[in-house]
Every structure is written in structure tokens, then in C-alpha cells.
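Single-structure report; data block below.
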Amino acid sequence: MRKGRFGKSMPAVARDYSESLSFDRRLCHHDITGSIAHAAALARAGVISMHEKKRIETGLREIEREIESGKFQWNKSLEDVHMNIESALTRKIGDAGAKLHTARSRNDQVALDLRLFVKDAIEHTSLRLKKVQRALLGLAQKYADVVMPGYTHLQRAQPILFAHYLLSQVENLARDDERLGNCWSRTDVLPLGSGALAGSTISVDRESIARDLKFARVSQNSIDAVGDRDFICEFLFCLAMIGMHLSRLSEDLILWSTSEFEFVEFSDEFSTGSSLMPQKKNPDMAELTRGKTGRLYGNLMSILTTLKALPSSYNRDLQEDKEALFDSVDTVSSALQVFAAMLPKIKINRARMKEAASDPNLLATDLAEYLVKKEMPFRKAHEIVGKLVAGTVGKGAKLNAVPLAKLKKLSPLFSADVARVFDVRRSLSERRAIGAPSPQDVRAQIKRWRERLRG
Ligand code: ARG
């Protein structure tokens, strides 16, 4: 590439500083796929012969096999994956190889490779995400009847079914999956044919390349197409969001696995010990997932910052998009795999959860609603129950043990049927609505998710 314009070759420091081969060789398959489609378009346009097209294709397939088998000689003095493959092809097939880059720049080439890569990565991420959803759903089915306290502010709030909690996690991952689908539609645009920034005087049929490469649309502005990395920002945001959701799930599980809670226990296989304290069993997988979420945010911030105030079209700064992208893809992919394998093996301590859920204070709201059902305004009922709680808290007394006579003094609406309020199962079964935690509604949600996650 330097042969024409440059008198001197690059010193090693500059070459090492600017190379991207060490990380972008990961795009080799996408680069080859893109080049084969480009050669086909050049042949259709009459720029190269059918014979040359065939030679290019055969040569590229051969290179692909060499890369797969580890035989391919990567040349570090060539900047990137694109130069490496093109130069190996020309060495292999001569002039036909030297024609491949007609009407193409590495600017639209790398934009194409990245879009092909992101489309594949979206598919993989989505499949792995669904496996985690299925694992959560499996637990929800297995422990469908387990009650536990629900928390707000990390304070005991109201009783819920453990399955209801698990389904809340299935929901947030479903939004992530939907987001990946949205990101896909903006990634599914062919940039090839945009050249360096202004297309080419040698015109190729871009629509047919899009069909060959299974892109839904072609980009409509060549300047935009070579400088656009919005799809990477979006994808890194999707991945950061998945990390955030997994980190919140991790935090719940870490907390619930403490001796203070003892609601859940990680299986030995997914736990680590301490080098010092023999009794320790640490939830490192969940902690690492919580920690790695920082990296995912960092990668998103890094691409956004690289793009800030970047002049339009292609600038070499854009080479910095790849490592962040690859790192986030790998981090989320392994986190999802760990969770899919770890979740089904989590042990649940029903007795501890039940004991915590039978704290009568969890039913204070039900008590207020008891009065509301007897036509007391809710604010007033809230105040009365609040006073009752204040009178019991700290005195070792239980809300369900206040004598009826004392209740009647606060309101004549209290009668013997108040005892019913303090039955957790009753409380749950009366919580009927779409999305509510009654066993009936939770069963309906389990069924809905089983159908949605089938396959
Ligand atoms: N290695 C470059 C990148 O990753 C490929 C495109 C280089 N284009 C250029 N005009 N220098 O962005």
C-alpha cells in the first residue's frame, strides 16, 4: 500500500502503535465473506471476469481454511486483517487478487466487517440470554410454592412467592433481548459501496451485495456509512444493560446466601474457598459478574468518548472501536454461560424463607386493607395500623397477637374475623391481577413464559 506514495517505510514504534492486526484478525471470517460478495458484485458489473471472480473466491476460501488450521502466516508488518488477507490472496492468485479492492476502501470494508460481526454477536447473545431465562424459569417451576418476604429498601415489605421474584428476572432479561432485536435492525444495513467516503466512479450494484450478505437495507449516504458506529454504541449499551441486570441478580443471591439470610446456597462447584479461613464458601461467580459490569460500562463510555467531536466520515480514531466491542461481547457471553449453568444448581432453603415470610408485620398493609374493605378511608387505616405497629415494635410483641379488645379501641370496625388477615397463603391468594404474586397469577406467568421460551 505504501509503495506508491511513500519514500520511507514506517519505523517499528509507529507500526506497532498503529497496527490493529493483533485484535482485528478476529474479523477474518467476516472479512472473507464480505470480500467474496464484493468480488461477485465486481463480476456482475463487468469489472472482473467470472473466471477472476472464481479464483478470488477459491483463494479466499483457501486462506480461510489456512487461518482455521493455524497454518496462515500473519504478517505483522501489514497493518490489519484486511491488508493481510488481501496481500495473501494476491500472492496466491496474482493479478485477480490485486483487482479485489476495486471500488472499495478499508473504510467501508471495516464498517461492513463490524456490522457482520455485530449481527452474529447479537444472535449469540440472544441465544445465551434465553438459556438464562430458561434456567430462572426452571427454578420458578421447581419452587413454585415457596414463600419469602419481598423487600423494598432491603427492609421486609410484603410476602411474595420466590417464583414471582425469579420471574421478575426473566422479565428484565426479556427487555434486554427485545433491545438486542432493535439494535439488530439498525445494524442490518450494508455500508459496502461507500468507498472511502464518496463511493467510486466504478459502480457496483449495492442492492445485490445486500441480498448476498443478507442485509435488509443498504446505507443511503456514503459519508455517514463509513463514519457511523452508532450500532456499536447501541450494542455496547445492550451488553452493559445485560451486565447491570445480571449484577442485580448477583447481588440478591450474594446477600441471600449469607449466614444472616440463609435463603439460598450456591453449589460447591460454583463457589470458592478462602486461602486462609477454612469455613468460607464464597459466591465468586456472582461477585465477578457484579464486578465485570464495571468493565461493560467502561467499554460503552470508551466508544462514546472516541466518537465525541470526531470529524465526520472515517478517522483512524475509529480503530479504537474494536477492543471495547470484543471485550464486552466476550464478557457478557461468559457471564450468561456461567449463570445458565449455575442457577439450576442453586439450593433453596424453604424453611428459612418461610420463617422470614411469617413475620406478621409483613401483613400490616393487609391489615389496613381489612379496614378499607369495611369502608374506612385508606389514609386513616394506614395511620391506625401504623400506631399498632409502633406499639408492638421493640416490645417483642407481634402484630397478630394484639387482643381484639385493644384493636376495637382503635376502631370499632375490627372484629373476630381479623385473625384471617395473618394467614400468609390467604394474603398471597388474594393478590390477584395481571403481574401480581397470587399463586394463580404466578402460575399463569410461568405458563406464559414456558410458551414464549420454548425451543
Ligand atoms: N484498521 C482500520 C480500522 O480498524 C481499518 C481501516 C483503515 N482505514 C484507513 N483509512 N486507514 O479502522
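Please read these numbers as outputs of a predicted model, since none were measured by experiment. Just follow the structure's listing: the first ligand is 1, and inside any ligand the first atom is 1.
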Closest protein heavy atom (residue, atom, distance) for [atom]:
atom	result
atom 2 (C) of ligand 1	Gln319 OE1, 3.3 Å
atom 11 (N) of ligand 1	Arg106 NH2, 3.6 Å
atom 7 (C) of ligand 1	Tyr314 OH, 3.5 Å
atom 4 (O) of ligand 1	Lys322 NZ, 2.6 Å
atom 10 (N) of ligand 1	Asn107 OD1, 3.1 Å
atom 5 (C) of ligand 1	Asp80 OD2, 3.5 Å

Does the Lys NZ or Arg CZ of [X] fall within the cation-pi geometry relative to [Y] - under 6.0 Å from the ring centre and within 45° of the axis?
X	Y	result
Arg26	Phe326	yes
Lys119	Phe231	no
Arg350	Tyr143	no

- Query: For Thr306 and Asp317, what are the C-alpha separation, side-chain angles and deciding distance, and is it a side chain to side chain donor-acceptor pair (under 3.5 Å)?
  - Reply: CA-CA 7 Å; Thr306 299; Asp317 315 43; over 6 Å; no

- Would Asp366 and Arg431 pass as an ion pair if we require N to O under 4.0 Å? yes

- Just which atoms of ligand 1 are under 4.0 Å from any heavy atom in Ser20? 1 (N)

- Message: Between Glu265 and Asn349, do the side chains contain a donor N or O and an acceptor N or O under 3.5 Å apart?
- Response: no

- Message: Taking only non-hydrogen atoms of Gln109, do any sit less than 4.0 angstrom from ligand 1?
- Response: no

